[in-house]
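Below is one structure, written out as structure tokens; comments come after it.
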Amino acid sequence: MPYSVDIDRKWQKKWADTGLYKFDPNKEGEKLYCLEMFSYPSGANLHLGHWYNYSLTDSWSRMKRMQGYNVFHPMGFDAFGLPAENYAIKTGIHPQDSTFKNIETMEKQLREMGATFDWDYELATCTPEYYKWNQWLFIQLYNKGLAYRKNAPVNWCDKCKTVLANEQVIDGKCERCDSEVVKKNMTQWFFKITDYAQELLDCLPDLDWPEKTKKIQTNWIGRSEGSQVAFTVEKDGEILKDENGEPLKLEVFTTRADTFMGVTYVVVAPESELCSKLTTDECKAQVDDYKLFTSKASDIDRMSTTREKTGVFTGSYAIHPLNGRKVPIWTSDYVIAAYGTGVVMAVPAHDERDFEFATKFGLDIIRVVASKEGAEDELPYCEKKGVLVNSDEFNGIEMHAAIDAIVNKLATMGMGHKTVNYRLRDWLISRQRYWGTPIPMIHCEKCGVVPVPEKDLPVLLPYDVEFTPDGESPLAKCDSFMNCKCPKCGGDAKRDPDTMDTFVDSSWYEFRYPDNKNNDAIFDKEKIKKLLPVDKYVGGPEHAAMHLLYARFICKAMRDMGLIDFDEPFKSLVHQGIILGPDGNRMSKSRGNTVAPDEYVAKHGSDVFRTYLAFGFAYTEGGPWNDDGIQAILKFTRRVEKLAEDVASIKDSDISKIEMGKDEKELNYVLNYTIKSATFDIDRFQFNTSVARMMELINAINKYQQLANAKPQLVRYAAEKLILLLSPFAPHMTEEIWCETFGNEYSIFNQKWPSFDESALVKDEIEIAVQINGKVMFKVDIPADADQAAVEAQVKADERLEKALAGRSIVKFIYVKGRLANIVAK
RNA sequence: GCGGGCGUGGCGGAAUGGCAGACGCGGCAGACUCAAAAUCUGUUGACCAUAAAUCGUGCGGGUUCAAGUCCCGCCGCCCGCACCA
């Protein structure tokens with residue numbers, strides 16, 4: 001029966017009926033956990049990106065199965081999230097209803113892809129069975145001090161009256177109403193990922209991840225070595241005191257402690273709490289105006305580098321600990337509250353931003369570093385080399401040495417020390433949204449914040465909720481949800497009305513798959529020990545800084561809770577590229593350049609589509625879709641089927657007894673070369689070249705077939721190997737050929753992956769190029785094992801050499817074994 | 001602005017410093033056919049009537065017996081971060 005979508009259905013049914021892909025943890029073979037990033041269940045059918053990710057990773061895992069690994073390959077759904085909620089606001093269809101319906105559709109489609117997923121291990125994050133453990137994990141983090149509440153500036157859309165997730169802010173605008181997003185201070189839950197900043201950095205080098213992704217994480221974490229130095233503050237003519245009655249230390253982070261003697265003012269971020277504390281009554285009005293001004297400034301404005309500096313004086317002064325100088329404290333939005341201490345010491349002579357600010361507001365500029373003693377470099381002089389000037393006792397000290405000298409001096413006064421600062425911020429996980437995991441915390445007037453006892457988990461997400469956004473969490477309006485008893489004192493209390501960021505759901509799901517039905521624990525430690533970490537993780541590069549960082553953090557936190565005993569969740573990571581529309585642009589409905597897999601699959605079958613995806617692109621690059629490529633694969637599959645029919649009647653594939661002549665050796669060489677390189681290429685996710693090698697193999701077989709004295713056993717033998725090699729890409733078609741055309745035993749996927757014979761790859765004679773000064777002049781056949789002397793002798797004896805030399809004489813003879821010979825001639 | 005990646009025929013794309021363009025699409029020519037489609041065979045970087053020669057991996061330099069590959073400087077595109085103190 002020629003290959004079609006009917007063949008797909010036939011074998012999909014048989015595979016399911018016979019449980020071919022059921023995972024047995026006790027089966028022989030080294031365990032291999034192969035995981036694709038699970039997907040969001042959208043209403044539409046699987047798109048090209050899903051196919052590209054899932055079908056080819058499936059091909060990889062199929063080869064691994066055949067190589068004898070005990071492959072665990074689960075699939076599930078990242079089912080909480082905003083799209084379903086927004087869809088509900090628009091249509092009135094409840095997120096739960098639309099989500100479960102979408103999951104059903106996607107499951108069906110994923111089955112039709114013909115992947116090896118074991119659906120017994122499926123999970124969906126929106127089920128209470130899953131999010132119960134999300135809540136449990138939250139409480140463990142809380143108990144460990146890794147989940148805490150604080151007041152922080154968040155993205156706020158004033159038109160939608162709601163907080164927005166970072167990913168909902170597109171170029172500083174709300175994705176839904178397109179109005180500008182501003183910062184607003186709100187009390188939110190955070191996960192203390194910053195506790196792990198250094199370890200997240202330290203473990204990166206040993207991961208088998210794309211270097212680019214590691215770089216993105218490195219930058220995101222943003223380690224910066226510097227010093228923390230402190231000033232005292234004079235407000236209204238008096239030294240400002242802290243809550244203990246000690247003089248308040250205004251601490252700043254700097255990488256340039258060498259310029260400390262050049263500080264002429266200090267800047268505090270307007271959002272910082274310190275700002276209010278430092279502002280004098282006299283200046284309060286202008287500072288408040290300025291705060292309002294910056295809170296209104298959109299991210300777009302603030303991000304602009306051409307934007308002119310703004311700011312106002314707070315009325316207070318910082319007192320320089322080394323020279324006693326009194327410098328004004330300003331507030332300006334060029335200082336970011338969340339980075340460092342939210343306060344900057346300004347050295348306009350040696351910092352461009354400070355220079356611009358000081359120039360605009362007429363603040364002092366004092367040179368303290370010169371490229372060499374006495375030099376009058378143009379200011380600002382920002383080079384990190386030179387010696388100190390105008391710095392009293394530090395004059396003449398080389399800039400790097402001066403950092404140590406100054407910090408040491410400050411340290412003796414308790415006013416400074418070396419430190420490391422990270423750009424990474426704690427992970428804000430509260431969301432004022434409905435369709436997510438309720439935060440399992442209770443607010444009691446008497447007892448404060450109290451975690452929900454484990455026996456009361458899960459805190460169920462109520463179904464009947466008014467979720468139109470109006471600035472309040474939808475759950476806050478649901479009395480039956482909100483009102484509860486305090487677990488500690490039994491008095492009336494309120495639940496936390498927020499839900500968790502859906503990145504929390506996906507930050508540990510890889511741990512739940514192997515034990516997805518466990519009602520008593522998040523997972524069984526022994527099961528996890530057997531299967532994790534994930535050996536191969538495949539998904540888009542867009543998750544480099546978010547999901548992949550969060551998942552690493554949660555893994556480390558789990559380890560420190562004693563749940564697991566390894567450091568990293570994903571040993572090896574691959575990113576698939578992006579398939580663009582035929583016009584070379586990103587596919588989008590508005591552009592009208594989308595390609596729907598369904599049409600192709602219905603017409604040609606899953607295998608043709610899968611094999612095209614393998615062949616038509618460099619996997620990690622992606623690229624524009626091209627319909628013509630499908631035709632190439634159709635042709636190839638027809639040739640494969642034709643070959644299979646040709647050899648169907650040949651029952652003998654024993655090649656050990658046939659005489660291996662030149663042609664046989666040649667075909668055998670191609671066969672073994674194909675096995676070797678296709679295996680290697682599939683292993684490293686370079687599917688296009690592995691399919692190319694198979695095309696070469698069928699070319700060679702067809703050529704050999706046409707010989708009058710072709711040995712049928714060899715043809716059959718080579719054809720069987722080809723079918724095995726192709727099976728990961730075209731599972732249905734090759735199963736059909738294997739069982740029906742060849743009459744072999746079910747299933748091809750219980751067969752061993754072909755191995756190659758190294759001796760077949762050793763040729764007696766090879767052709768090499770002879771170059772003169774790097775240019776190919778002619779070619780010679782030489783014995784493959786010839787050494788340089790032998791090759792040199794043979795080439796020198798060649799009659800073509802004299803003409804090629806054209807009167808020049810040989811200076812040097814280089815033979816690169818098996819490659820070429822190069823003659824240096826003058 | 002900083003950091004990273006990429007740039008190869010008409011197209012998708014191959015090339016551990018070692019014969020650039022594997023494999024395929026498309027084109028051209030031929031076979032089969034009344035014809036077309038399909039299939040098969042050959043051919044296909046540019047220049048050139050042909051061969052030879054020459055030129056060819058964004059541009060300009062360099063290292064090397066040998067550079068798409070390594071180094072330096074540009075240009076273009078993409079991605080990440082972005083007043084990070």
Side-chain angles (χ1 to χ4, degrees), chain A residues 210-220 222-224 226-227 229 252-257 259 266-267 269 299 302-309 332-336 338-347 350-354 356-357 421-425 541-542 544-545 578 584 612 615-618 620-636 638-639 642 677 681 686 688-699 702-703 706 767-779 811-825:
Chain A
E211 288 305 319
K212 189 179 174 173
T213 305
K214 295 197 217 176
K215 188 79 184 175
I216 287 172
Q217 293 215 343
T218 305
N219 292 343
W220 190 270
R223 184 190 153 97
S224 172
S227 318
V229 297
V252 308
F253 176 77
T254 179
T255 55
R256 293 295 306 272
T259 63
V266 166
V267 193
D299 279 6
R302 261 187 103 153
M303 283 188 309
S304 166
T305 44
T306 55
R307 184 163 175 257
E308 204 177 321
K309 297 262 181 297
S332 169
D333 63 7
Y334 84 88
V335 173
I336 295 157
Y339 187 78
T341 59
V343 188
V344 163
M345 62 175 223
V347 187
H350 305 290
D351 182 284
E352 282 182 27
R353 296 153 304 184
D354 298 343
E356 187 193 335
F357 192 84
N421 194 49
Y422 299 89
R423 205 190 67 97
L424 182 71
R425 300 174 203 177
E542 66 275 16
I578 297 163
Y612 171 58
F615 179 67
F617 309 86
T620 55
E621 301 294 317
W625 176 263
N626 179 4
D627 261 358
D628 296 335
I630 284 274
Q631 297 305 318
I633 297 301
L634 266 177
K635 195 168 144 185
F636 174 59
R638 275 199 293 261
R639 291 179 69 195
K642 170 83 168 41
S677 36
D681 287 347
Q686 195 168 304
N688 54 348
T689 47
S690 66
V691 176
R693 296 293 89 80
M694 294 176 209
M695 288 173 168
E696 284 170 356
L697 176 57
I698 200 169
N699 287 343
N702 286 164
K703 202 169 152 193
Q706 280 157 30
E767 185 190 65
I768 61 156
V770 178
Q771 300 180 331
I772 291 179
N773 294 337
K775 287 186 181 170
V776 179
M777 303 312 282
F778 56 93
K779 296 183 179 179
V811 177
K812 197 175 173 187
F813 188 96
I814 298 154
Y815 172 57
V816 184
K817 195 161 194 320
R819 296 282 184 175
L820 51 65
N822 189 19
I823 296 166
V824 186

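- Put simply, A:Gln771 has no side-chain N or O that comes within less than 4.0 Å of OP1 or OP2 on B:A67.
- The gap from the C1' atom of B:G58 to that of B:G68 amounts to 12 Å, rounded to the nearest Å.
- Counting any heavy atom pair closer than 4.0 Å across all strands shown, A:Gly629 reaches no nucleic acid atom.
- Under a cut-off of 6.0 angstrom, the local environment of CD in A:Glu767 is crowded, with over 12 non-hydrogen atoms contributed by other residues, nucleotides or ligands.
- Rounded to an integer number of Å, the gap from A:Gln217 CD to B:G3 C1' is 16 Å.
- For A:Asn688, a side-chain nitrogen or oxygen approaches OP1 or OP2 of B:A14 to under 4.0 Å.
- Within 4.0 Å of A:Asn822, counting heavy atoms only, lies at least one base atom of the nucleic acid.
- Distances from the side chain of A:Pro624 to the nucleotides B:A85, B:A22, B:G12 place B:G12 closest.
- In the set B:G18, B:C55, B:A85, B:G18 carries the atom at the smallest distance from any side-chain atom of A:Leu820.
- A distance-only check finds no donor-acceptor pair linking the side chain of A:Asp351 to the backbone of A:Ala346 [under 3.5 Å].
- Across all strands shown, A:Gly623 has heavy atoms under 4.0 Å from sugar-phosphate atoms exclusively, and none from any base.
- Here B:G12 is the nucleotide among B:G12, B:A22, B:A38 with the atom lying nearest to any side-chain atom of A:Phe615.
- With B:C65, B:A14, B:C25 as the candidates, the nucleotide lying closest to the side chain of A:Ile814 is B:C65.
- Here B:G21 is in the anti range [glycosidic angle more than 90° from 0].
- For A:Ile216, the side-chain atoms get nearest to B:G80 when compared with the rest of B:C84, B:G80, B:C40.
- Of the candidates B:A22, B:C84, B:G4, the closest approach to any side-chain atom of A:Ile336 belongs to B:C84.
- Atom C1' of nucleotide B:U39 and atom CD of A:Gln631 are separated by 14 Å, given to the nearest angstrom.
- Residues A:Asn699 and A:Arg639 have side chains that bring a donor and an acceptor to within less than 3.5 angstrom of each other.
- You'll find that the side chain of A:Arg423 is closest to B:C81, out of B:C23, B:C83, B:C81.
- Within 3.5 Å, a donor on the side chain of A:Arg693 pairs with an acceptor on the base of B:A22, or the reverse.
- For the pair A:Tyr612/A:Phe636, no side-chain contact is recorded, criterion being any heavy-atom separation below 4.5 Å from C-beta on.
- Side chain of A:Ala769, nearest nucleotide from B:C19, B:C79, B:U16: B:C19.
- Aromatic ring orientation, A:Tyr334 versus A:Phe357: tilted (interplanar angle from 30° to 60°).
- Remark: A:Lys214 engages A:Glu211 in a salt bridge, criterion side-chain N to carboxylate O under 4.0 Å.
- Of the side-chain N and O atoms in A:Arg256, none sit less than 4.0 angstrom from OP1 or OP2 of B:A85.
- Distance A:Asp681 CG to B:A22 C1': 11 Å, rounded to the nearest Å.
- Of the side-chain N and O atoms in A:Arg425, none sit less than 4.0 angstrom from OP1 or OP2 of B:C84.
- At a threshold of 4.0 angstrom between heavy atoms, the contacts of A:Glu621 with the nucleic acid are absent.
- Residue A:Lys215 places none of its side-chain N or O atoms closer than 4.0 Å to OP1 or OP2 of B:C79.
- Rounded to a whole Å, the CG atom of A:Asn699 is 14 Å from the C1' atom of B:C25.
- Distances shown here put a side-chain N or O of A:Arg639 below 4.0 Å from the OP1 or OP2 atom of B:C40.
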